[in-house]
Amino acid sequence: MSASQPLTGPELVSCARSNARRGAAAAAESCGYGKDVTAFEQALGEACEAMGVEVTTFSEVVDDVLSDG
């Protein structure tokens, strides 16, 4: 299910982590960014920075999720 509005902050980070295995395009869609993967990744980087998390790209989120098992 896709968000009706682009998610931000902790909700965006949570959604991105939940959809990491599906890829950036699917995660962007699920998090309310439609096909705009660039805007999704930019917002994700900003959300992570605001939370004090050192993740700036979606691929880093994928790596983090995969390392968690």
Common cluster, Leu44/Val37, ILVMFWY with side-chain heavy-atom separation under 4.5 Å: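 Different clusters.
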Closest non-hydrogen atom pair between [X] and [Y], with its separation:
| X | Y | answer |
| --- | --- | --- |
| Glu29 | Lys35 | OE1-N, 4.1 Å |
| Tyr33 | Thr8 | OH-CG2, 4.2 Å |
| Gly9 | Ala47 | O-CB, 3.7 Å |
| Cys31 | Ala16 | SG-N, 3.7 Å |

Heavy-atom donor-acceptor pair, Ser14 side chain to Pro10 backbone, under 3.5 Å: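 Pair absent, no side-chain N/O of Ser14 close to backbone of Pro10.
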Donor-acceptor pair, side chain of Asn19 and main chain of Arg22, under 3.5 angstrom: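 Not a single qualifying donor-acceptor pair exists.
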Reported CG-to-SG distance for the pair Leu7 and Cys15, which is rounded to 0.5 angstrom: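 Spacing of CG (Leu7) from SG (Cys15) equals 5.5 Å.
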Pairwise distance CG(Leu12) to CE(Met51) - rounded to 0.5 angstrom: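 It is 9.5 Å, given to the nearest 0.5 Å.
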